[in-house]
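Worksheet for the structure shown next.
Numbers for residues simply follow the sequence, beginning at 1.
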Amino acid sequence: MPPSSTARGSAYLHALAVEIEKKLRRALASPSQRRNLLQELFADVALEVDDRAKDIIFGEEGSISVADDRYGGPICFYDVLADYFVSMPQNEKSILDLIVQHWSQSFASNIFSLLFHKWLFEVQLDNPEVLLRYSSALVQGSTNVFWIDIQTNARRFQSLFQYLLEEVALYSDRLKKIPLQAQRDLFLLLSRFMFFYNSVDKLESFLKQFPDFPNAFLIGGPSDIFVTELADQLQKLKVEPVLLHYLSELKVLQGLELRMTTSTRLKTCLYSFTSPGGPMYPTRAVRHAAWDALDCLFPVGRYPRHLISLFFRLLYPWYWPSSCWNFVISCLQAVLYSLLRLVFSSWENLRKPRQS
């Protein structure tokens, strides 16, 4: 974020920090309302910054557009507050102490990850236990907020993901500031959500930065760990547009060297989405997307797979009517598109002699 160009902007951010501290103190003083107050605070810091607040914080329209480009989309209050706590470290201690006192509450780690994800990598913490606690809270809180984006099919927390990926995971100096176990947890987290936040173009660099895992001789290298996490994530997705997005992005896995067990795990995961009914109950669109991903990643055995699938479909007569109906509709669409192409091509051929 560009620094606030006026004293008015700094005063505004200071006032926001004061309000955050007040709400945290109210939550501490009211155990019965603690969860609701923390939930409200989380919702407040996750709100998008409105135009009036932008004018106050950034001062000029030019700096606003720079900020929009920096975050790759709408700016939320946690974006500007995270930068504020890095530039004004003297204002974070009381808020951080209050968050630690709420550590057992589910929304405390969410708030910490939004407000202090940059601060954690810019300050020097000498206590290893405190550093591990903060790092674990960052990973847990980031996991929670990313799942909120998944469930709503929104990308409100994309700037948090981009920072953790581009400024931490791919930047070894910052990455080494947190314990090795936290580094591993962070890379597992990023592996699960990389497809959702459209960051597959950085997959190659990401795999090169993977930390060492103690059980690597059992589970394989970075590619195997990444695909394993991805397969587990696919099994958990229940929002159809998100699942379709993941399936459409799987083509980037072509060429990765995987162990046989990892390859079989991914193939089994995809195959579970190709049949109607339990346990996944996929829609028709999901089934077709899963077949496309299977055929793209595992072209060997493509036709036998389809024949086996057809055989098992015949064992469930109650699916025959819908299958026949969809087959008829697909045939009619194919015939219609062929006729339209024929008509347009004939029309173009008729126009060419006239133009000559």
Side-chain angles (χ1 to χ4, degrees), residues 70-73 117 121 138-139 142-143 145-147 149-150 153-155 157-176 178 180-213 215-237 239 241-270 273 286 289-299:
R70 168 67 179 85
Y71 293 118
H117 62 275
F121 296 98
L138 172 67
V139 173
S142 300
T143 302
V145 300
F146 294 160
W147 269 111
D149 268 357
I150 289 275
N153 193 22
R155 287 169 177 79
F157 304 109
Q158 181 158 354
S159 61
L160 171 60
F161 179 87
Q162 288 179 337
Y163 177 82
L164 293 177
L165 175 63
E166 300 175 11
E167 304 296 332
V168 179
L170 301 182
Y171 190 76
S172 58
D173 289 345
R174 287 196 180 98
L175 181 64
K176 291 177 181 177
I178 59 177
L180 181 58
Q181 183 57 49
Q183 296 178 30
R184 294 167 181 159
D185 294 338
L186 178 62
F187 270 76
L188 295 180
L189 167 66
L190 297 175
S191 298
R192 295 193 292 271
F193 293 94
M194 181 174 285
F195 279 20
F196 179 71
Y197 289 108
N198 302 311
S199 300
V200 293
D201 57 315
K202 298 179 177 61
L203 179 58
E204 184 178 355
S205 302
F206 177 71
L207 294 177
K208 291 179 180 178
Q209 296 292 332
F210 243 81
D212 295 329
F213 281 73
N215 56 344
F217 67 98
L218 292 175
I219 61 177
S223 298
D224 295 282
I225 298 172
F226 177 84
V227 172
T228 299
E229 291 298 314
L230 185 59
D232 290 343
Q233 180 79 344
L234 285 171
Q235 298 281 354
K236 297 175 183 177
L237 296 177
V239 182
V242 176
L243 181 54
L244 289 172
H245 179 71
Y246 267 76
L247 293 172
S248 67
E249 295 287 337
L250 284 176
K251 59 182 179 292
V252 303
L253 300 181
Q254 284 182 302
L256 286 184
E257 295 184 5
L258 302 175
R259 287 190 175 187
M260 182 64 69
T261 53
T262 307
S263 179
T264 303
R265 185 169 189 167
L266 177 60
K267 192 183 301 184
T268 303
C269 170
L270 291 175
F273 290 107
V286 170
W291 276 120
D292 291 342
L294 267 172
D295 295 340
C296 177
L297 296 177
F298 307 100

For Asp212, I'd like to know if atom CG has over 12 heavy atoms of other residues, nucleotides or ligands within 6.0 Å.
no
Any side-chain heavy-atom pair of Leu258 and Leu253 under 4.5 Å:
no
Decide yes or no for Ile219 and Asp224: does some side-chain heavy atom of the first lie under 4.5 Å from some side-chain heavy atom of the second?
no
Could you label the plane-to-plane angle of the Phe210 and Phe206 rings as parallel, tilted or perpendicular, counting under 30° as parallel and over 60° as perpendicular?
perpendicular
Which one of Tyr246, Phe161, Trp147 satisfies the ring-ring contact (aromatic ring centres under 6.0 Å, His included) criterion with Phe193?
Trp147
Testing the basics here: between Leu175 and Leu186, what is the closest heavy-atom pair and its distance to 0.1 Å?
CD1-CD2, 4.2 Å
Of the non-hydrogen atoms in Leu218 and Arg259, which two are nearest, and what is the gap between them?
O-NH1, 3.0 Å
Quick one, Phe195 and Leu250 - any side-chain contact, counting heavy atoms below 4.5 Å?
yes
Check step by step if side chain to side chain contact (heavy atoms under 4.5 Å, CB included) holds for Leu297 and Leu270.
CA-CA 10 Å; Leu297 296 177; Leu270 291 175; 4.2 Å; yes
Smallest heavy-atom separation, Leu247 atom then Ala290 atom, equals CD1-N, 4.0 Å
Does the side chain to side chain contact (heavy atoms under 4.5 Å, CB included) test come out yes or no for Ser142 and Leu160, once each step is laid out?
CA-CA 8 Å; Ser142 300; Leu160 171 60; 3.9 Å; yes
Check salt bridge (Lys or Arg N to Asp or Glu O under 4.0 Å) between Asp232 and all other residues, then give those that pass, not counting sequence neighbours.
Arg265
Can you give me the closest heavy-atom contact between Cys269 and Ala231, atom names plus distance?
SG-O, 3.6 Å
Between Phe226 and Phe187, does the ring centre distance come in under 6.0 Å?
no
Where do Arg192 and Thr143 land on the side chain to side chain contact (heavy atoms under 4.5 Å, CB included) test, with the steps shown first?
CA-CA 9 Å; Arg192 295 193 292 271; Thr143 302; 4.1 Å; yes
Could you measure the distance from the CG atom of Leu203 to the CG atom of Leu190? Nearest 0.5 Å is fine.
12.0 Å
Return the CD to OG distance between Glu166 and Ser205, rounded to the nearest 0.5 Å.
10.5 Å
Which distance, rounded to the nearest 0.5 Å, do you find between the CG of Leu243 and the NZ of Lys236?
14.0 Å
State, yes or no, whether a side-chain contact exists between Arg155 and Asn198 at a heavy-atom distance under 4.5 Å.
yes
Taking every non-hydrogen atom, the tightest pair across Val168 and Arg174
CA-CB, 4.3 Å
Considering the options Phe157, Phe196, Tyr197, which one meets the ring-ring contact (aromatic ring centres under 6.0 Å, His included) requirement together with Phe146?
Tyr197
How many angstroms lie between OG1 in Thr264 and CE in Met260, if you round to the nearest 0.5 Å?
6.0 Å
Heavy atoms of Leu256 and Ser223 approach each other most closely as CD2-OG, 3.8 Å
Output, in order, the C-alpha distance, side-chain angles, deciding distance and verdict of side chain to side chain contact (heavy atoms under 4.5 Å, CB included) for Asp173 and Phe121.
CA-CA 9 Å; Asp173 289 345; Phe121 296 98; over 6 Å; no
Rounded to the nearest 0.5 Å, what's the gap from CD on Glu249 to CE on Met194? Could you check?
11.5 Å
Approximate separation, where rounding is to 0.5 Å, of Ile178 CD1 and Arg184 CZ
11.5 Å
Are the side chain of Gln209 and the backbone N or O of Tyr171 linked by a donor-acceptor pair below 3.5 Å?
no
Check whether more than 12 heavy atoms from other residues, nucleotides or ligands sit under 6.0 Å from atom NZ of Lys176, and answer yes or no.
no
